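One structure is given below, encoded as structure tokens.
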Amino acid sequence: MSKLLNEVLNANRDYMASFDKADLPMPPGRQFAILTCMDARLDPAKYAGLAEGDAHVIRNAGGRASDDAIRSLVISYKLLGTREWFVIHHTDCGMETFTDEIMRDLLSSSLKTSSVDENGWHDCCEGNGSTEGNYIDWLTIKDQAGSVTEDVIRIKSHPLVPDEIPVYGYVYDVKSGLLIEVPEAMEAGRA
Ligand SMILES: [Zn+2]
């Protein structure tokens with residue numbers, strides 16, 4: 001068995017041994033949702049003080065308001081009763097390090113993991129790439145405050161999102177753990 005798989009299953013057995021959450025209801029008890037980046041340094045349960053059953057956490061690369069993130073938010077509100085939403089991007093996000101063009105070029109030359117240095121991204125190997133990446137909007141980020149604001153505006157103006165939901169825009173600082181308000185996003189996200 002993979003070492004990692006073994007570690008995860010062992011950790012899960014430990015979790016189960018002291019598990020006492022069997023009676024939680026499905027709808028989030030604190031009636032809110034967070035859309036944030038998948039970055040491994042971010043732990044929304046810790047940075048926002050969540051316990052099991054408290055809130056929905058929707059994660060993707062960048063924490064972007066993609067169609068699929070909006071699908072989850074609409075379900076979160078319409079069927080599971082959340083009333084306030086957060087969009088939280090973060091400093092030093094990997095989504096700032098490339099563009100659609102760079103990603104498409106890398107994927108068309110190779111599917112293997114690329115490396116990055118001061119001159120940008122490089123493929124290790126040629127061959128066995130795919131041009132399928134040309135059909136994906138990678139939702140990269142130029143500046144964090146701008147991307148948070150853009151996503152709050154997209155969510156607030158979406159036809160399936162009711163006006164009464166406030167959407168709060170923040171940037172999480174990976175150096176301090178602090179959530180930094182994005183004033184333009186907060187303004188755009190008012191209920
Ligand atoms: Zn990120």
Side-chain angles (χ1 to χ4, degrees), residues 4 8 28 32-50 54-76 82 84-108 110-124 130 132-158 161 165-189:
L4 176 72
V8 168
F32 74 104
I34 295 174
L35 170 60
T36 197
C37 185
M38 68 184 190
D39 192 296
R41 295 168 293 180
L42 275 57
D43 185 343
K46 288 184 182 153
Y47 76 54
L50 308 178
D54 276 354
H56 284 145
V57 178
I58 299 148
R59 302 186 72 166
N60 63 32
R64 301 306 314 267
S66 61
D67 289 347
D68 194 64
I70 289 175
R71 178 186 70 89
S72 295
L73 287 169
V74 169
I75 291 169
S76 174
T82 59
E84 297 168 75
W85 295 346
F86 289 77
V87 173
I88 302 175
H89 296 176
H90 66 99
T91 59
D92 194 37
C93 186
M95 299 298 282
E96 294 169 289
T97 67
F98 66 99
T99 60
D100 275 354
E101 190 185 7
I102 289 168
M103 187 61 162
R104 289 167 180 168
D105 285 349
L106 289 169
L107 286 167
S108 59
S110 168
L111 302 186
K112 294 235 191 293
T113 300
S114 304
S115 59
V116 68
D117 61 23
E118 64 279 6
N119 297 315
W121 286 97
H122 307 280
D123 264 326
C124 68
S130 168
E132 271 299 315
N134 296 353
Y135 302 93
I136 293 177
D137 182 343
W138 296 94
L139 301 173
T140 60
I141 290 175
K142 283 204 193 73
D143 77 285
Q144 295 302 332
S147 62
V148 168
T149 305
E150 192 179 309
D151 285 0
V152 168
I153 289 170
R154 179 168 197 227
I155 292 165
K156 281 298 286 181
S157 56
H158 196 280
V161 173
I165 298 185
V167 184
Y168 311 125
Y170 282 82
V171 172
Y172 171 87
D173 183 346
V174 296
K175 296 296 180 203
S176 69
L178 183 69
L179 291 174
I180 301 159
E181 183 181 305
V182 179
E184 314 81 61
M186 294 296 276
E187 177 64 28

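Remember, it's 1-based here, ligands and their atoms both numbered in the order they're listed. Hydrogens, waters and symmetry mates play no part in the numbers below; they use all other heavy atoms, side chains included. Predicted model only: the values in this text are computed from it and were never measured.
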Between Asp151 and Arg154, does a salt bridge (Lys or Arg N to Asp or Glu O under 4.0 Å) hold up when you go through it step by step?
CA-CA 5 Å; Asp151 285 0; Arg154 179 168 197 227; over 6 Å; no

Would you say His89's side chain and Ala145's backbone share a donor-acceptor pair under 3.5 angstrom?
no

State, yes or no, whether a side-chain contact exists between Tyr172 and Thr36 at a heavy-atom distance under 4.5 Å.
no

Using the side chain to side chain contact (heavy atoms under 4.5 Å, CB included) rule, pick out the option among Leu35, Ile75, Ile34 that qualifies with Ile58.
Leu35

Any idea how Phe86 and Tyr170 line up, ring-wise: parallel (<30°), tilted (30 to 60°), or perpendicular (>60°)?
tilted

Quick one: list whatever passes salt bridge (charged side-chain N to carboxylate O under 4.0 Å, His left out) with Asp100, sequence neighbours left out.
Arg104

So the protein N/O/S atoms within less than 2.8 Å of the Zn ion (ligand 1) come down to Cys37 SG, His90 NE2, Cys93 SG

